[in-house]
Protein chains: 2
Amino acid sequence: MAGERAATLSDVAREAGVSLATASRALNGSDRVVRPELQERVLAAASKLGYTPNANAQAMARGSTETVGLLVKDISDPYFSTIAGGLADEAEKHGLLVMLCNTGGQPEREQKFLAALRRQRSRAIVLAGSDTADVRHTSEVADLLTSYLDGGGRAAAISQPRLPVDTVVIDNHGGAKALAEQLVGLGYRRAAVLTGPEDLLVSAERHAGFAEGWLEATGSKPAYVSDEFSRDGGRRAMTRLLEDGRNDGTEVDCVFAVNDLMAVGALAACRQAGVEVGPELAVAGFDDIATLRDVTPGLTTVRLPLADIGRLALELVLGKPSAELRKRSVHGEVVLRESTPPRS
Amino acid sequence: MAGERAATLSDVAREAGVSLATASRALNGSDRVVRPELQERVLAAASKLGYTPNANAQAMARGSTETVGLLVKDISDPYFSTIAGGLADEAEKHGLLVMLCNTGGQPEREQKFLAALRRQRSRAIVLAGSDTADVRHTSEVADLLTSYLDGGGRAAAISQPRLPVDTVVIDNHGGAKALAEQLVGLGYRRAAVLTGPEDLLVSAERHAGFAEGWLEATGSKPAYVSDEFSRDGGRRAMTRLLEDGRNDGTEVDCVFAVNDLMAVGALAACRQAGVEVGPELAVAGFDDIATLRDVTPGLTTVRLPLADIGRLALELVLGKPSAELRKRSVHGEVVLRESTPPRS
DNA sequence: CTGAAAGCGCTAACAC
DNA sequence: GTGTTAGCGCTTTCAG
């Protein structure tokens, strides 16, 4: 069978003894209606020939596709894969295919993907986690998006509203602030924040929110240590924090890692240093990654409805376009667990 | 600007004062060469007009696309997202876009996606984790794949070789067997397996491999409890196992959960039941999910090079086609951690 | 090296 | 209702 030129619509039309147009109408229910008898003949011919419509040809003729693009920094990161899961689910409901673009956080790749998505005439593009303080890159992305939008595309971002598109705004600041307040309420008084790179917005916002809450509640600013926005970054930052504290007597009683991955790294560092998290030192994270809900001690964190965020972003980008930019805010919820027991 | 019909190749050609053919050749380096001067003129015109090639049109004219499809059961599951990450990386190197299809384990969806991918004329399709003992569904998928292949498509699977395509075979049996042997070597004598649904092949294979290893080493077959192939399934199965053991005196000293997620659920169940994993009861998993490497106690497991598996699958499916089906075996490596200390 | 022209497979006016 | 016939935007013979 191999090599057998795939059956086309005209093949089907010929086989059914009808015109091209009729075959087309019968096969895809346009507004026009086809006589049942013919309809059946066409369907029969199509299945006999093993006909499969050519989506590319349809896209050309119709001027629109059935695909949406999703840009993430790293699909193997549970934060993004959970968002992707929600978005993929929603896409399926709309009969859309999603093009997964793994940028690896590299600006060039991001731009390349954006161009590719534009070439594909993707119906819509959702950008997740592409927030940097890198102004140059941000403006290049903004330009690419703008021309994509001008061409009739739709786009949305999941992040902070720095791009000229609809966005699902995650309240990193508020969530971290609420967490700080709760921790102070539990009796903690000396905090440190484990942050990612300075130019990573999520990290910066969570840091700022926590600092603000902490300052308002205690009158003092939390210390902080920066490292990678990853499990190992968290471990290293915590190790450094522990060492420094011992050397200069600036021990803290509570640590906020700006995401769960870093928090888990911090947990590991504590374990290695013989510090018992909970009784001796409180540790909290952010995101509430599902697979991490079983670490011990249970990690206090700020829960984000990640899957919903993905769904929401797609809804937003598929909804009817409006002149002004839309924003949909999503708030986190503080989840207290054993890693931050009430301080006695 | 909006609404402005996107510039086409003919616009560019006209603007540059050359023919359509020349513009095409200049813009995409066909085998033909264009005089540098003209080349430049075309490039200039293209950038002036903000020209973006239409991938759908190219696909039609060329008869081939730049996309590959990836079917996974659940992208938010770290097992799949890690595979997806590796595959996406590799795809990027080849300049390919990946269409992510989240099947949710539903056969109909899987078939729908396969059809969609075929319509899209995807260059290749990689199926991950779609292994059921459901013969009917398997054969329907096989049929769909066959006709896709006949149409010139390429496909590969990650799993067991039950489909008529190249496959990256994961040695679930061998890995589990090796784990069993090591556990016996550590001094364990009474094991139980926490399995997923009977018709899930990965689960069945791991169970069988473990049972075989255990039987050969101890002369007895491990008990087993089935539940969902998930964290909660693991928790429930473990809870039941613990209760039963207390009631009828069949306590075990060692438990093998067929994947890390279930193992983590089992850990939670033990914690709740006041059983100390490690000293009192050994627990092991399978996969070595990255984010789970920090649970306490450290989970003994069988490490699978998940990202490599994704990469490998793409390589396989992109490599030159061969008459006979190719298989690439991937083996797991037992990683001993604190959850299975040597038995004293 | 360049241009003219014939498709690629399908949809959507537009007639009948 | 159904058929005819232009395209959709690009690549690729086939002639020059």
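Chain letters run A, B, ... following the sequence lines, proteins first, then strands; residues in each count from 1. Only this structure's heavy atoms are used, side chains among them; waters, hydrogens and symmetry mates stay out.
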B:Tyr51 (side chain) donor-acceptor with B:Asp11 (main chain) under 3.5 angstrom: no
Nucleic acid footprint by protein, nucleotides 11-16 of chain C - heavy-atom cut-off 4.0 Å, B for base, S for sugar-phosphate alone: BBBBB-
Positional range of nucleotides in DNA chain D within the contact set of chain A, heavy-atom, under 4.0 Å: D:dG1 to D:dG9
Distance below 4.0 Å between A:Thr8 side-chain N/O and C:dG9 OP1 or OP2: no
Nearest-0.5 Å distance that lies between atom CD in A:Glu92 and atom CZ in B:Phe113: 5.0 Å
Within 6.0 Å of CD in B:Gln106, more than 12 heavy atoms from elsewhere: yes
Minimum-distance pair of heavy atoms, taken over all atoms of A:Val12 and A:Ala45: O-CB, 3.8 Å
Whole-Å gap separating C1' (C:dG7) and CE (A:Met60): 12 Å
B:Glu37/B:Arg41 ion pair, N-O < 4.0 Å: yes
Residue pair A:Ala57 / B:Met60: nearest heavy atoms and the distance that separates them: CA-SD, 3.4 Å
Step-by-step side-chain contact (heavy atoms from CB on, under 4.5 Å) determination, B:Arg121 to A:Asn54: CA-CA 7 Å; B:Arg121 301 298 190 260; A:Asn54 181 323; 3.7 Å; yes
Residue closer to the 5' end of DNA chain C, A:Ser10 versus B:Gly17 (nearest nucleotide): B:Gly17
The single option from B:Arg118, B:Gln120, B:Arg119 passing side-chain hydrogen bond (donor to acceptor under 3.5 Å, both in side chains) against A:Thr52: B:Arg118
